[in-house]
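A short worksheet on the structure shown next.
These numbers come from the heavy atoms of this one structure, side chains and all, not from hydrogens, waters or symmetry mates.
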Amino acid sequence: MEVLAALNLGDIAQVFSKMGMFPVFDVAYYIVSILYLKYEPGSVEVSRRSPVASWLCAMLYCFGSYILADILLGSSPIDYFQHNSHILLASAVWYLVFYCPLNLFYKCVAFLPVKLVLVALKEVVRTRKIAAGVHHAHHAYHHGLFIMVIVGYVKGSGVALISNFEQLLRGVWRPDTNEILNMSFPTKASLYGAILFTLQESHWLPVAKSTLILIFTLFMATSKVVMTARHSHGSPFALIESWVCHLLFGSPLGGSEEDHHAPAAAPSSPLKTKEELSEGARKRKAKKAE
């Protein structure tokens with residue numbers, strides 16, 4: 001307790017929770033999101049054949065969580081597009097990632113040390129979005145605990161949840177990549193984070209919101225940075241989930257869970273595997289062209 005008091009954890013959490021996300025953190029969020037879009041099979045071809053479709057896909061990657069949350073709360077799905085500065089900034093990032101001469105911008109942001117910093121900054125935004133989603137739902141539905149969880153969950157992982165719709169814009173239909181069937185780590189973490197923030201918002205969790213934001217952000221940023229550095233697609237929750245599923249649902253330990261929590265040699269998320277494979281394929285094509 002003396003150590004915590006000396007560190008002034010509460011003051012640090014307060015300052016951190018009041019930090020503005022625009023433009024530094026938001027730019028990092030847009031860069032990483034559109035970077036993952038470029039990893040998708042056929043995305044580069046679509047950007048050459050139909051820039052409008054590519055731009056729409058990029059906007060879904062950047063603002064899909066806001067769109068889906070607005071739909072759930074009965075607001076206009078294009079309501080967020082009134083924020084001109086955000087739209088222009090995301091559009092600029094999209095243009096640089098796909099159309100920068102010599103692919104210089106993509107090479108810079110895909111450079112691993114730079115990418116690790118961007119990934120960490122993106123998780124700061126994700127945590128804020130989860131907390132804001134739960135807070136917004138709490139004001140609309142004071143006693144709707146499940147609504148608060150759903151809206152916070154959507155705010156944190158809405159992009160992945162509407163990925164099948166985004167695929168249609170690119171002329172691809174892959175129902176096997178449904179995020180509900182193959183939940184990646186960010187999607188699971190968003191769900192667990194939404195539950196925690198809902199408990200805090202309902203005063204069932206005796207922790208200050210600023211402290212919870214700081215702790216959850218550190219967990220998310222650390223986990224994603226380590227996973228990205230190791231090119232891992234596993235989940236820190238895999239062992240716990242395996243035991244819980246075995247206890248509650250009778251799933252065999254190390255059996256059927258492999259479909260959702262694959263070991264390091266077999267990534268659990270087809271979406272993430274696809275990103276790495278397509279990136280490698282493009283690099284091989286570039287080398288052959290040279």
Side-chain angles (χ1 to χ4, degrees), residues 16-17 19 21-22 25-26 28-37 59-73 75 77 80 86 90 118-141 144-166 178-202 205 207 209-225 227-228 233 235-237 241 260 268-269 271-272:
F16 180 77
S17 65
M19 287 176 58
M21 296 293 99
F22 186 84
F25 292 91
D26 285 326
Y29 186 91
Y30 301 150
I31 290 175
V32 176
S33 297
I34 297 175
L35 197 60
Y36 285 153
L37 171 62
M59 295 304 102
L60 285 179
Y61 262 71
C62 293
F63 308 114
S65 57
Y66 297 102
I67 295 172
L68 189 54
D70 285 339
I71 293 174
L72 292 177
L73 292 173
S75 301
Y80 194 80
H86 289 269
L118 296 174
V119 165
L121 296 179
K122 179 182 179 180
E123 295 311 311
V124 176
V125 178
R126 189 196 304 275
T127 302
R128 295 294 188 87
K129 289 168 66 177
I130 296 172
V134 171
H135 182 72
H136 188 185
H138 176 70
H139 275 276
Y141 303 92
L145 297 180
F146 288 100
I147 296 177
M148 286 186 264
V149 171
I150 292 171
V151 175
Y153 173 49
V154 166
K155 275 292 189 75
S157 59
V159 177
L161 295 175
I162 63 172
S163 61
N164 291 112
F165 176 73
E166 180 272 330
N178 188 307
E179 191 69 17
I180 300 297
L181 294 176
N182 303 280
M183 295 179 70
S184 59
F185 165 71
T187 304
K188 293 177 182 178
S190 296
L191 177 58
Y192 300 148
I195 294 173
L196 290 175
F197 281 103
T198 297
L199 294 176
Q200 192 281 329
E201 193 76 37
S202 303
L205 187 64
V207 178
K209 179 181 288 189
S210 57
T211 302
L212 183 58
I213 289 175
L214 176 61
I215 294 174
F216 194 77
T217 299
L218 290 174
F219 167 74
M220 289 296 296
T222 303
S223 299
K224 281 294 293 179
V225 166
M227 292 170 65
T228 303
H233 305 292
S235 169
F237 307 122
E241 289 173 345
H260 304 284
S268 62
S269 170
L271 180 62
K272 300 301 180 182

Rounded distance [0.5 Å steps], [atom1] in [X] versus [atom2] in [Y]:
| X | Y | atom1 | atom2 | value |
| --- | --- | --- | --- | --- |
| Lys224 | Glu123 | NZ | CD | 6.0 Å |
| Leu205 | Thr198 | CG | OG1 | 10.5 Å |
| Leu196 | Leu191 | CG | CG | 10.0 Å |
| Leu181 | Met183 | CG | CE | 10.5 Å |
| Lys155 | Ser190 | NZ | OG | 12.0 Å |
| Phe185 | Tyr192 | CZ | OH | 10.0 Å |

For residues [X] and [Y], report the shortest heavy-atom separation together with the two atoms involved.
| X | Y | value |
| --- | --- | --- |
| Phe25 | Leu121 | CE2-CD2, 3.4 Å |
| Pro77 | Ile67 | O-CG1, 3.4 Å |
| Ser202 | Leu145 | OG-CD2, 3.0 Å |
| Phe216 | Gly193 | CZ-CA, 3.5 Å |
| Ala194 | Val149 | CB-O, 3.4 Å |
| Gly133 | Val151 | O-CG1, 3.4 Å |

Atom CZ of Phe22 with >12 non-hydrogen neighbours under 6.0 angstrom: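 It does: Phe22 CZ has more than 12 such atoms within range.
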Kindly indicate whether the side chain of [X], heavy atoms from C-beta on, has any atom under 4.5 Å from the side chain of [Y].
| X | Y | value |
| --- | --- | --- |
| Glu166 | Leu37 | yes |
| Ser17 | Lys209 | no |
| Glu179 | Ser157 | no |
| Ile195 | Tyr153 | no |

Candidates Leu212, Leu218, Thr211 - the one meeting side-chain contact (heavy atoms from CB on, under 4.5 Å) with Leu214: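 That would be Leu218; it is the only one of Leu212, Leu218, Thr211 passing the side-chain contact (heavy atoms from CB on, under 4.5 Å) with Leu214.
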Pair Ser65-Lys129, side-chain hydrogen bond (donor to acceptor under 3.5 Å, both in side chains): steps then yes or no: CA-CA 9 Å; Ser65 57; Lys129 289 168 66 177; 2.7 Å; yes
Working for side chain to side chain contact (heavy atoms under 4.5 Å, CB included), residues Tyr141 and Leu73: CA-CA 10 Å; Tyr141 303 92; Leu73 292 173; 4.1 Å; yes
Classify the ring geometry of [X] against [Y]: parallel below 30°, tilted from 30° to 60°, perpendicular beyond 60°.
| X | Y | result |
| --- | --- | --- |
| His135 | His139 | perpendicular |
| Tyr30 | His86 | perpendicular |
| Phe219 | Phe237 | tilted |
| Tyr66 | Tyr80 | parallel |

Aromatic Phe16 / basic Arg128 pairing, under 6.0 angstrom, 45° off normal: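 Yes, Arg128 lies over the aromatic ring of Phe16.
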Side chain to side chain contact (heavy atoms under 4.5 Å, CB included) assessment of Phe197 paired with Thr127: CA-CA 10 Å; Phe197 281 103; Thr127 302; 4.0 Å; yes
Worked verdict on Gln200 versus Val134 for side chain to side chain contact (heavy atoms under 4.5 Å, CB included): CA-CA 10 Å; Gln200 192 281 329; Val134 171; over 6 Å; no
Derivation and outcome, side chain to side chain contact (heavy atoms under 4.5 Å, CB included), residues Val159 and Ser33: CA-CA 9 Å; Val159 177; Ser33 297; 5.8 Å; no
